[in-house]
Amino acid sequence: MAPRIAIVGAGFGGLCLAIRLRRAGIGSFTVFEKAAGLGGTWRDNTYPGAGCDIPSHLYSYSFERYGSWTRRYPEQSEILAYLEHCADKYDVRRNIRFNTEVVRASFDGARWHLGTAGGDSETFDAVVMAVGQLNRPRLPDIPGMSGFRGTSFHSARWNHDHDLTGRRVAVIGSGSSAAQLIPRVAERAGHLTVFQRTPNWVIPKPDAAFGPAARLALRLVPGLQWAYRGWLFRYVENTLYPALAGGWSAAVLERRARAHLRAQVADPELRAKLTPGYPPGCKRVVIDSAFYPALTRPDVDVVTERIVRIVPEGVETTGGTHEADTIVYATGFRTTEFLAPIEVTGRDGRALAGQWNGGAHAYLGISVPHFPNLFLLYGPNTNLGHNSIVFMIECQVRHIMACLRALPRHGPLEVRPEAMAAWTRQLDRAMERMVWVNGCQSWYKTPEGRVTNNWPGPAALYRRLTARPPLPAYRRA
């Protein structure tokens with residue numbers, strides 16, 4: 001008898017597993033989605049200019065190559081349309097329960113009990129958490145936020161009813177999301193003030209459009225799309241990954257970023273504000289060609305003084321008060337609080353939040369000791385700074401599918417403590433050479449400085465590790 005499987009989240013990860021289960025002839029699964037639609041972060045982030053910094057033909061499932069991408073780097077609407085297309089083509093939408101938020105998951109020694117925000121409870125043989133790392137907006141802890149007289153919102157909860165035309169807008173933050181939305185906001189606002197705590201390295205974005213002939217060829221010429229995807233994969237593995245690991249391309253990346261800054265920002269004072277004091281890759285590199293030109297506009301100011309408080313009329317810094325009637329918080333997500341706020345209780349009443357008190361960790365980023373038949377997608381140490389997370393998700397799904405096939409024969413599976421310990425040692429050794437470890441604070445790290453989000457190796461290595469037969473690393477719970 002096929003196991004009953006719960007998938008929590010209908011973004012790239014949850015849909016990938018649902019599709020793989022459907023293709024394997026397994027229909028005994030339910031996808032719980034807290035929102036009214038699928039897509040995860042690509043449903044939530046609808047701010048002006050939202051898009052992806054990974055090429056579209058790499059930021060897609062290997063089993064569903066898509067000939068309809070219009071640009072090399074896809075925009076939010078195209079990515080969401082792709083996920084909608086996949087859900088319909090593989091007939092998994094009927095397995096999704098929308099507007100159903102899972103708030104509790106507890107293991108009774110044999111099965112998992114899931115509780116929803118609506119008070120319902122169901123029992124499953126296995127649970128796969130596919131909630132991702134970029135789903136809970138992080139608002140800054142700035143005094144006075146509630147007293148602001150104007151309109152304020154987080155970039156991931158964009159207020160489309162609020163017209164920015166002619167307004168005095170403040171954007172707090174200057175990371176990837178801010179870099180995408182700032183040029184669009186600057187075109188409409190009467191005045192824009194960008195509050196930057198730490199500058200980012202920025203390299204140009206060669207965002208070519210695919211014309212009708214190119215799209216037709218990619219769709220119809222046998223092997224062309226696969227070859228293009230393979231070239232993209234090899235390029236980022238062989239050129240971008242070494243820059244993150246202190247390799248030959250680190251200096252090349254820095255020279256390219258500095259040249260881009262010099263070419264687009266003539267004012268030496270502004271250029272100094274925008275020059276980071278840490279090595280490229282320590283924080284996520286911004287890939288954008290419109291960000292710097294927007295900051296040089298006469299109606300845009302870049303403020304680097306520390307924010308003291310939000311006041312009713314705007315933002316007060318150590319240098320004075322900057323008037324604003326709209327504040328956009330482009331301050332990222334609560335990335336290191338994996339699975340929160342879901343309460344997860346494993347074998348013998350063990351709380352996952354307590355086990356992860358020093359930072360989240362999981363075998364292959366997928367399985368956790370004391371939590372049998374609980375699997376994670378896009379879990380700890382599986383994010384990439386150079387390649388496509390969709391590739392990593394497919395590797396994880398392959399591993400989870402092998403575990404699920406073994407359940408009828410072996411019963412609940414729990415990763416062995418010795419396998420977890422060996423994995424942690426391997427991660428720690430690999431992490432020592434990565435640029436994220438020292439020199440800057442980023443969303444990859446806990447406040448204590450532990451890197452819990454990023455994978456410290458090539459993506460191809462992760463594929464080899466997750467392709468191994470999984471059962472030697474597990475024991476029967």
Side-chain angles (χ1 to χ4, degrees), residues 5-9 13 32 101-115 123-136 138 333-383 392 396 399-400 403-404 407 411-431 443-456 465-466 470-477:
I5 303 159
I7 303 171
V8 183
F32 293 88
E101 181 180 6
V102 172
V103 296
R104 288 180 305 279
S106 59
F107 186 70
D108 67 3
R111 307 184 78 194
W112 281 93
H113 301 270
L114 263 59
T123 304
F124 294 89
D125 298 296
V127 174
V128 182
M129 294 291 184
V131 298
Q133 298 182 14
L134 306 176
N135 72 94
R136 299 179 64 215
R138 183 182 67 83
F333 300 86
R334 300 172 71 170
T335 55
T336 60
E337 299 174 13
F338 291 84
L339 305 191
I342 303 173
E343 296 179 7
V344 182
T345 307
R347 183 165 52 80
D348 302 323
R350 184 181 291 253
L352 184 60
Q355 184 162 316
W356 281 356
N357 189 44
H361 54 276
Y363 173 70
L364 296 174
I366 298 172
S367 303
V368 186
H370 309 289
F371 293 83
N373 286 8
L374 176 72
F375 305 99
L376 313 178
L377 286 171
Y378 197 12
N381 296 113
T382 63
N383 182 66
M392 299 289 278
Q396 294 154 30
H399 178 94
I400 292 170
C403 291
L404 293 176
L407 293 187
L413 297 176
E414 177 186 336
V415 67
R416 297 177 183 274
E418 55 269 30
M420 184 70 236
W423 175 252
T424 300
R425 289 193 298 270
Q426 182 179 347
L427 272 178
D428 289 345
R429 286 196 301 269
M431 201 68 74
W443 65 262
Y444 310 145
K445 292 181 176 180
T446 65
E448 297 74 28
R450 180 176 177 80
V451 178
T452 56
N453 293 70
N454 278 14
W455 166 240
L465 293 172
T466 52
L471 290 188
Y474 290 82
R475 68 183 181 189
R476 184 171 179 174

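Atom CG of residue Asn357 and atom CD of residue Gln355 lie 11.0 Å apart, to the nearest 0.5 angstrom. With rounding to the nearest 0.5 angstrom, the OH atom of Tyr378 is 10.5 Å from the CG atom of Asn135. We find the OG1-CZ distance between Thr345 and Arg104 to be 10.0 Å, quoted to the nearest 0.5 Å. The CG atom of Leu465 lies 5.5 Å from the CD atom of Gln426; values are rounded to the nearest 0.5 Å. Distance CG/Leu407 to CG/Asp125: 7.0 Å, rounded to 0.5 Å. Rounded to the nearest 0.5 angstrom, Leu352 CG and Glu343 CD are separated by 11.5 Å.
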Let me have the donor-acceptor pairs involving side chains of residues 359-371, under 3.5 Å, with sequence neighbours excluded, atom names and distances please.
{"residue": "His361", "atom": "ND1", "partner": "Gly359", "partner atom": "O", "Å": "3.0"}
{"residue": "Ser367", "atom": "OG", "partner": "Tyr474", "partner atom": "OH", "Å": "2.4"}
{"residue": "His370", "atom": "ND1", "partner": "Arg347", "partner atom": "NH2", "Å": "3.1"}

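Considering every non-hydrogen atom in both Arg136 and Ala340, the closest pair reads CD-O, 3.0 Å. Considering all non-hydrogen atoms of both residues, Ala130 and Gly13 come closest at CB-C, 4.1 Å. When all heavy atoms of Pro456 and Ala430 are compared, the closest pair comes out as CG-CB, 3.7 Å. Minimum interatomic distance between Ile5 and Phe124 (heavy atoms only, all atoms of both residues): C-CD2, 3.7 Å. Nearest heavy atoms, Thr452 versus Phe338: O-CZ, 3.5 Å. Taking all atoms of both residues into account, the shortest heavy-atom contact from Glu414 to Pro372 is OE1-CG, 3.8 Å.
Contact of the Phe375 side chain with the Leu404 side chain is registered, since non-hydrogen atoms from C-beta on lie closer than 4.5 Å. With a 4.5 Å cut-off on side-chain heavy atoms, Thr335 and Asn383 do not count as touching. Counting only heavy atoms from C-beta outward, the side chains of Asp348 and Arg350 never approach each other to under 4.5 Å. At least one side-chain heavy atom of Leu376 sits less than 4.5 Å from a side-chain heavy atom of Leu339. Contact of the Arg475 side chain with the Pro417 side chain is registered, since non-hydrogen atoms from C-beta on lie closer than 4.5 Å. Between Thr123 and Asp108 there is no side-chain heavy-atom pair separated by less than 4.5 Å. In this structure, Arg450 and Asp428 have side chains that are in contact, with non-hydrogen atoms separated by less than 4.5 Å. You'll find the side chain of Leu413 reaches within 4.5 Å of the side chain of Asn373, heavy atoms only.
No donor-acceptor distance shorter than 3.5 angstrom exists from the side chain of Asn454 to the backbone of Asn381, with no hydrogens or angles considered. A donor-acceptor pair under 3.5 Å is absent between the side-chain atoms of Asn453 and the main chain of Gln133, judged by distance alone.
With sequence neighbours excluded, the residues satisfying ring pair (Phe, Tyr, Trp, His ring centres under 6.0 Å) with Phe107 are Trp112. With sequence neighbours left out, Trp455 forms a ring pair (Phe, Tyr, Trp, His ring centres under 6.0 Å) with Trp423, Tyr462.
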